[in-house]
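Single-structure report; data block below.
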Amino acid sequence: MLTLGMLAGRAELELAFAGGVDAARFEAVGVAGLTALTVSQLLEGEPQRRLDAGCLVLVTGLQFRGRGRAEVALETLMEQLALDGCAGLVVSLAPGAHQPLPQAIRDLSHALSVPVLVTTAPLREWAKTRHRLQESRLAGAELRASQLTTLVQQVPSELADPRAMQRIADWLARALQVQVLVSDPHRVLAASPATAAEALAPAIIHSSVDAAASGRPSGPHTRLISLGPARGAGTVLAVARGTAPFDDAEVRLLGHAAKLLGLLDQARREYRAAAETSRAARRAAVELLLDGEVDKARRVLAAQAPGLLDADTVRVFVVDVPCAHRDVAVRRCEVVTEGRALVIADPRADRRIVVVQPVRPGRPDDGVGADLTRLVAALGAEASVGGSGVYSMSLLADALREASAAQGFALLQPDAAALSAPNTDLIGLLPPRDAQLWARTLLDPLMRHDAQWEQMRETLSMALAHPYTVAARRLNLHRNTVTRRVARAAEALRVDFASVADRIAVGLALELVTHREPPARSMTPGTPRTPGAYAPTLHSLLSSPQITAWADTLLRSARGDRRDLITTATVWLTHEAHLEPAARALGLSEATVRSHLRALEAHMSRDLGSLGGLRDLQFALYVATGKVEIAESRGVLVPAT
């Protein structure tokens, strides 16, 4: 837009500020158009309409001979110019005329802030200027329309788009040749160029938001605009440039941009609140699953992810990333597994992300493992991922332990990934057909009758994994009911559940039959085994080279400990996992034995308070040292020939 200073610089207009008028004060005033009046029109009361804001009024034919009608009419015109927001008044004088403007006109110019200029140029030059002003105004209107169109195009398809604010800031910086900063009291939300944050921070710190909300400049060529719906809101748009001040059109454009940025900021806050609520629900669901409370977890997540936890089996993945990158990695994991898995930042370890993938029949993989492997590769050298095998939903804690161990092994792999954990999942290494035959033969006394089996399978699985009081609460049964059912099962199977070895063997058989995929031609419950047919034993299942390698790998780290952890564990298991008799046999204090067991847990990545952890320790020691007995060593659970 042309300004009074620019017009005064054109030699052909012979234009200058009238004597006594502060030229520096008005040089930057923008001129949007030109209206010409003759002295006759002025004396007849013209203009009789509202003038356009930013209009420059040219009056021709004036002669001042004392205070007369022309001077009075001119004073009235100046009052109208002030009311209508016009750019100023130009008085055309004849070339060589020495008639100064009356003092009253100059005083009124100062009082009304209406600049008065004089010109001696012919009217044809002003006609050309009017045409230039019209062209400039049209070009300005087209520019503003184009800018508004482009600004609207910056609005994202999703208001919660995290890059939307930055795109608008970048566009504003290019369109107005300014520095742009969008910030709240805690962080920079967008800056363009990157140095804008440093340049504009002092203006935000030393200016009140109330002043910014009113749109008043807070410094030379600087604007602060609150993005909140009410004054005093914390998020602010700050813009500055070192050249010309902002004109009205630019200020309006900044206002439109601020409204869009305010909507994006509101959406960002609401999305964050909703995301936090969603993540809290997901964390609660995973915690319930880790406690075996599957039904409660399904109810917690029913509204947010309907049907996600309907599956009976599950895989767990553990992604390990540097602490500083975990929040970003959590969001990326959520994106790549959306609708297929639960993702939480593990509250127990500040580097770890837990991904829970329900496994539906016929869809054992669903691509989650492959997607996480690609994501870990993109996250960099310090990221890794480990995965578990397929577990029952109620055994999520066991799956998490296996995935955590696999993640440790993943650090040694070229792609930093160890999925399905073949070297950490014992059950995955057992020959499927033989394992199923062994398990079904062992459990045959319970499986012969469907009603008895349906009652026993859930009760026995829970009772072997937890104290009877805890099992009763989770099963919604009385403790005495659980005790009676377990006693009947022990009698039918001819085992002693006071023995760790018997509990481990029956627990393994239950997991194989109820939670792991059966072989292609599995035996049906209650089907009698043909006399003389091959009957696998637990010893034969644990005799393969793969199991030997698994046991050596599991105990390798513990063997390198300066304490004799292997001996402590062997004696502890020999005394049915009781501390006091084990400590007496070892000649150590109970506290020392307890610290040895905790160290062993860390080396093995197993929880020795769980049946699965005890099972892996017992089998590894049995295979690697031969000094620990399994159930068959006691003369029980051996199939009849």
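Heavy atoms only: backbone and side chains are in, while hydrogens, waters and symmetry mates are out.
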Next item on the list: Please report the shortest heavy-atom distance between V376 and V319, naming the atom on each side.
Entry: CG2-CG1, 4.1 Å
Checklist line | Verdict with supporting geometry, L289 and V314, side-chain contact (heavy atoms from CB on, under 4.5 Å) | finding: CA-CA 11 Å; L289 289 173; V314 69; over 6 Å; no
Item checked: R241 CZ to R223 CZ distance, which is reported to the nearest 0.5 Å -> 10.5 Å
Notebook entry, point to check: Only one of V623, T570, L617 forms a side-chain contact (heavy atoms from CB on, under 4.5 Å) with V628, so which one is it?
Noted result: T570
Notebook entry, point to check: Can you name the salt bridge (Lys or Arg N to Asp or Glu O under 4.0 Å) partners of R299, sequence neighbours left out?
Noted result: none
Check: Quick one: side-chain contact (heavy atoms from CB on, under 4.5 Å) partners of S544, sequence neighbours excluded?
Finding: Q546, I547
Item checked: Closest approach of A463 to V482 (non-hydrogen atoms, all atoms of both residues) -> CB-CG1, 4.0 Å
Notebook entry, point to check: Mind checking what makes salt bridge (Lys or Arg N to Asp or Glu O under 4.0 Å) contact with R283, not counting sequence neighbours?
Noted result: none
Notebook entry, point to check: Does the side chain of V316 come within less than 4.5 Å of Q357's, by heavy atoms?
Noted result: no
Margin query: R559: which residues meet the side-chain hydrogen bond (donor to acceptor under 3.5 Å, both in side chains) condition with it, sequence neighbours left out?
Written below: none
Note to self: Could you check whether S388 and R315, counting side-chain N and O atoms only, form a donor-acceptor pair closer than 3.5 Å?
What the structure shows: no
Notebook entry, point to check: Shortest non-hydrogen contact from H466 to A471?
Noted result: CB-N, 4.3 Å
Note to self: Could you measure the distance from the CG atom of L614 to the CZ atom of F619? Nearest 0.5 Å is fine.
What the structure shows: 11.0 Å
Next item on the list: State which residues pass side-chain contact (heavy atoms from CB on, under 4.5 Å) with D327; sequence neighbours excluded, sorted by chain then number.
Entry: R331
Next item on the list: Identify whether the distance between the nearest side-chain nitrogen and carboxylate oxygen of E287 and R348 falls below 4.0 Å.
Entry: yes
Next item on the list: Check A341 against P358 and note the closest heavy-atom contact, atom names and distance.
Entry: CA-CD, 4.3 Å
Checklist line | Sub-4.5 Å side-chain heavy-atom contact between L426 and R615 | finding: yes
Notebook entry, point to check: Which residue, V354, L372, I353, forms the side-chain contact (heavy atoms from CB on, under 4.5 Å) with F317?
Noted result: L372
Check: Who passes side-chain contact (heavy atoms from CB on, under 4.5 Å) against R187, sequence neighbours left out?
Finding: D184, L189, R272
Note to self: According to side-chain contact (heavy atoms from CB on, under 4.5 Å), who are the partners of R252, at least two apart in sequence or on a separate chain?
What the structure shows: D248, A249
Check: So does D371 pair up with R340, basic N to acidic O under 4.0 Å?
Finding: yes
Margin query: Return the CE to CG distance between M604 and L554, rounded to the nearest 0.5 Å.
Written below: 4.0 Å
Item checked: V385 and V318: CA distance, side-chain angles, deciding distance, side-chain contact (heavy atoms from CB on, under 4.5 Å) verdict -> CA-CA 6 Å; V385 59; V318 169; over 6 Å; no
Check: Under 4.5 Å between any side-chain heavy atoms of R556 and T553, yes or no?
Finding: yes
Margin query: Can you list everything that forms a salt bridge (Lys or Arg N to Asp or Glu O under 4.0 Å) with R351? Sequence neighbours excluded, please.
Written below: D320
Note to self: Using every non-hydrogen atom in the two residues, find where V180 and A173 come nearest and quote the distance to one decimal.
What the structure shows: CG2-N, 3.8 Å
Check: Looking at side-chain heavy atoms only, is the closest gap between R433 and Q436 below 4.5 Å?
Finding: no
Quick one: side chains of residues 595-602, donor-acceptor pairs under 3.5 Å with protein atoms, not counting sequence neighbours, listed by atom name and distance.
unit_1	atom_1	unit_2	atom_2	d
S595	OG	T592	O	2.8
H596	ND1	T568	OG1	2.9
E601	OE2	L608	N	2.8

Note to self: Can you confirm whether W438 sits close enough to L512 that some side-chain heavy atom of one is under 4.5 Å from a side-chain heavy atom of the other?
What the structure shows: yes
Item checked: N/O donor-acceptor pair under 3.5 Å between S461 side chain and E458 backbone -> no
Checklist line | Residues that Q455 engages under side-chain hydrogen bond (donor to acceptor under 3.5 Å, both in side chains), provided they are two or more places apart | finding: R488
Margin query: What I'd like to find out is whether the side chain of Q179 reaches to under 4.5 Å of the side chain of V239, using heavy atoms alone.
Written below: no
Notebook entry, point to check: Is there side-chain contact between R282 and V286, with at least one heavy-atom pair below 4.5 Å?
Noted result: no
Item checked: Sequence-distant partners of D295, salt bridge (Lys or Arg N to Asp or Glu O under 4.0 Å), two or more places apart -> R298
Notebook entry, point to check: Can you check side-chain contact (heavy atoms from CB on, under 4.5 Å) on D291 and R474, steps first, answer last?
Noted result: CA-CA 9 Å; D291 289 337; R474 294 185 176 179; 3.5 Å; yes
Checklist line | Between CZ on residue R352 and CD1 on residue I344, distance to nearest 0.5 Å | finding: 9.0 Å
Notebook entry, point to check: Would you say E511 and L395 make side-chain contact, with heavy atoms under 4.5 Å?
Noted result: yes
Item checked: Residue list, side-chain hydrogen bond (donor to acceptor under 3.5 Å, both in side chains) with H603, at least two apart or on another chain -> S557, D561
Next item on the list: Would you give the length of the straight line joining atom CD of Q618 to atom CH2 of W572, rounded to the nearest 0.5 angstrom?
Entry: 11.0 Å
Margin query: Looking at every heavy atom in both V330 and A345, which two are closest together, and how far apart are they?
Written below: CG2-CB, 4.0 Å
Item checked: Neighbour count >12 (heavy atoms, 6.0 Å) for atom CD, E382 -> no
Margin query: As an exercise, state the distance from CG of L542 to CG of L429, rounded to the nearest 0.5 Å.
Written below: 10.5 Å
Margin query: Run S226 and T235 through side-chain contact (heavy atoms from CB on, under 4.5 Å) and show every step you take.
Written below: CA-CA 6 Å; S226 172; T235 309; over 6 Å; no
Note to self: Taking side-chain contact (heavy atoms from CB on, under 4.5 Å) as the criterion, tell me which of L181, L224, L227, I168 meets it with L237.
What the structure shows: L227
